[in-house]
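Let me begin by presenting the structure, written as structure tokens, before commenting on it.
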Amino acid sequence: MLREFFRSLYWKLSAVYLVLLLLVGAAYTYLTLFSSEMYFAETSQRINASLARHIVEEIQPFIDGQPNFKGMETLFHNVMVVNPSVEVYLLDGQGNLLAFDAPNKKVKVPFVSLDPIKEFLASEGKKLVLGDNPRDIHTPKVFSAAPVTMNGMVYGYIYVILGGEEYDSIADRIRVSYILALGLRGLLLSLIAAAVIGLVALAFVTKKLRRMTKTVMAFKEGDYGRRVLVASHDELDALGAAFNDMAQTIQQNVEGLNKADALRREIIANVSHDLRTPLASMQGYIETVLMKNKTLTEDERHDYLRTILSSTERLSRLVQELFELSKLEAKQIQPHLEPFSMPELVNDLTAKFVPQAQKTGVTIAVEVPKGLPLVSGDIGMIERAMQNLLENAIRYTPHGGKVTVAVEQRNSKIQTRVEDTGVGIPEKDLPLIFNRFYRARMRETSSGGAGLGLAITKKILEAHGESIEVESRVNEGTKFVFNLPVANV
Ligand SMILES: Nc1ncnc2c1ncn2[C@@H]1O[C@H](COP(=O)(O)OP(=O)(O)OP(=O)(O)O)[C@@H](O)[C@H]1O
Ligand SMILES: [Mg+2]
């Protein structure tokens, strides 16, 4: 649990954020202290710029070229009383210390650099310049300085360190308490506020991520309906929307595959059923013939063999139809278009069906006007389609009925109609009869077919870029209609 937390994005982001916050806080504290110090140093240098000059005017630092130790002593004393934060030095022309108000041991170096003093004098005290501090060579200090001249010659300098040792020790103490009292407390408060707000905001963002992860996981587990909630338009939502699109595609594909799989199972079931029936009947009759070989009359034997023959015919027809349909569905057969005469095709075909129709007492009528233009199509495939329609019309029309085949021109198309006065198709079955293996009026009627004829017919017309329509009324009759384009010769 804890390990997981330390591995989480939330923890990593928070850690980086808190470290950043601390760095900013530290930098801010340092800058504030530094700038306040500089501000104070510059202020005190400007205010006291002319202090050294006043001292030079007030006392005579050199008398007859010699340092005026007595005058200096009085000055040191007075200065100590008036302003204990300054330290006064008398320098010679090279920067060596000649007189000062501190005990000897407190002075660490016997001279100071003249460069800062010259810079200070040149800018007339308007620029912040730090000079050597004889008592602590590591911390330069703000100062005031003035040259002591006589007859145009520089004898030395009065050098005043502002904010001397006394000032430093008091300032340090006050600074610490100030920082603790005000600065640090304020800084701490604002850091805590920033941390709380930042962490809450981070938690909010990572919560969204966690929710998305949950959804994706659920999808992965097979809940294909799961989608990410997309509320606004930030980068995470864009990711969520992209995931949703992807999920949609995957869901559709999976559904398509499932459907195809179900169809495949159904086809296999149908095929095996349709193969088994004729095989079983063949097996039965063959066994009978073998067993009763001696006792069978010539007529009985003939009957049995006939039945066996018709079963093999049914089988080979089924296999042939399945083969045809699967090739059509895989688009392996493409129509070889050529101009041909539809009336001729109709006449030839109906002539072939006449004997069969006569057997069941059905008459066939052909209605074809003269002088029709040729159509464009694959004559072999169209013949196959027509054959299926005629076969059905004769098969599903009872004794005494009539089958009509009519051809006529409709604009740039030639329309062919196969109509019968047969049993008709119930309305609920109409949308389904073009499906493979679909037989209206149950599969029990061993009327012969496997239910593939119309599926093949439809595929053939689709390959020609055409469709087939059906109209039917139960016990009145059925009408199939399709068009083919006029060939442009
Ligand atoms: N002219 C028709 N009159 C009445 N019903 C029909 C007619 N044509 C087709 N049907 C119905 O449509 C179903 C499907 O026809 P289809 O030609 O595809 O299969 P089939 O004739 O049963 O078998 P197959 O053609 O494969 O030998 C038929 O079983 C039948 O119920
Ligand atoms: Mg049929």
Side-chain angles (χ1 to χ4, degrees), residues 263 266-278 281 310-329 346 349-350 352-353 356-357 359-366 381-406 416-463 467-482:
L263 203 68
E266 192 195 306
I267 289 174
I268 289 175
N270 283 326
V271 169
S272 47
H273 174 266
D274 285 332
L275 289 177
R276 228 180 5 237
T277 320
S281 107
S310 92
S311 283
T312 56
E313 276 167 358
R314 244 177 92 186
L315 259 183
S316 73
R317 225 186 87 147
L318 175 65
V319 172
Q320 166 69 23
E321 278 185 341
L322 267 175
F323 188 54
E324 223 180 308
L325 184 62
S326 67
K327 277 206 293 192
L328 274 169
E329 283 185 338
V346 168
L349 254 182
T350 45
K352 278 189 206 160
F353 276 97
Q356 192 185 328
K359 246 193 249 167
T360 56
V362 174
T363 50
I364 302 182
V366 177
M381 287 167 84
I382 297 297
E383 184 179 356
R384 187 77 183 85
M386 281 295 290
Q387 197 183 327
N388 286 339
L389 294 179
L390 271 171
E391 214 176 72
N392 283 350
I394 293 167
R395 187 187 286 164
Y396 302 112
T397 301
H399 194 91
K402 183 181 171 190
V403 172
T404 310
V405 185
T416 307
R417 177 159 51 90
V418 179
E419 205 173 347
D420 64 56
T421 58
V423 294
I425 303 167
E427 206 176 319
K428 66 172 178 46
D429 291 323
L430 274 181
L432 304 170
I433 52 168
F434 294 104
N435 292 354
R436 342 175 181 70
F437 295 111
Y438 192 84
R439 281 171 288 198
R441 248 168 278 102
M442 326 105 291
R443 26 179 59 253
E444 82 280 9
T445 45
S446 56
S447 54
L452 294 174
L454 284 180
I456 291 173
T457 303
K458 187 178 178 212
K459 286 278 172 226
I460 287 175
L461 285 164
E462 275 174 1
S467 61
I468 180 163
E469 312 295 331
V470 59
E471 268 175 44
S472 185
R473 268 170 207 280
V474 174
N475 294 329
E476 281 181 26
T478 309
K479 179 166 80 176
F480 286 94
V481 179
F482 67 88

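These numbers come from the heavy atoms of this one structure, side chains and all, not from hydrogens, waters or symmetry mates. All residue numbers in this chain count up from 1 along the given sequence. One-based numbering, in listed order, for ligands and for the atoms of each.
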Counting from 1 in the order shown, the ligand 1 atoms closer than 4.0 Å to a non-hydrogen atom of R395 are 20 (P), 21 (O), 23 (O), 27 (O)

Note: ligand 1 atoms sitting under 4.0 Å from heavy atoms of I433 are 12 (O), 14 (C)

In short, K402 meets T421 closest at the heavy-atom pair N-OG1, 2.9 Å

query: Are any of the N/O atoms in V423 less than 3.5 Å from those in ligand 1?
result: no

In R384, K458, E462, M381, the residue satisfying side chain to side chain contact (heavy atoms under 4.5 Å, CB included) with L328 is M381

Legend entry - Any Y396 side-chain heavy atom under 4.5 Å of D420 side chain: no

request  = Report yes if G453 has an N/O atom closer than 3.5 Å to an N/O atom of ligand 1; otherwise report no.
outcome  = yes

So for N388 against ligand 1, with non-hydrogen atoms under 4.0 Å, the contacting part is neither

Any heavy atom of I425 under 4.0 Å from ligand 1? The part involved is side chain

Under 4.0 Å between heavy atoms, the region of Y438 that gets near ligand 1 turns out to be backbone

- Would you say T397's side chain and I394's backbone share a donor-acceptor pair under 3.5 angstrom? no

Using a strict threshold of under 4.0 Å (side-chain N to carboxylate O), is an ion pair present between R317 and E321? yes

Next on the checklist: At a threshold of 2.8 Å, where the distance has to be below it, does the Mg ion (ligand 2) have an N, O or S atom of N392 nearby?
Outcome noted: yes

What one should report as the nearest heavy-atom pair of S472 and G477 is OG-O, 3.3 Å

In ligand 1, the atoms that come under 4.0 Å of a heavy atom of E321 are 26 (O)

Of L432, L389, D420, L318, the one whose closest heavy atom lies nearest atom 1 (N) of ligand 1 is D420

Near G451 (heavy-atom distance under 4.0 Å), the atoms of ligand 1 are 18 (O), 19 (O), 20 (P), 22 (O), 23 (O), 24 (P), 26 (O)

Test your reading of the structure: does A450 have an N or O sitting under 3.5 Å from an N or O of ligand 1?
yes

A student checking ligand 1 against R317 at a 4.0 Å heavy-atom cut-off should list atoms 24 (P), 27 (O)

#### Entry: Polar atom proximity, E391 to ligand 1 (N or O, under 3.5 Å)
no

- Short side-chain to backbone donor-acceptor contact, N388 and L454, under 3.5 Å: no

CG of D274 to CG of L322, rounded to nearest 0.5 Å, is 8.0 Å

Smallest heavy-atom separation, S467 atom then E469 atom, equals OG-OE2, 3.3 Å

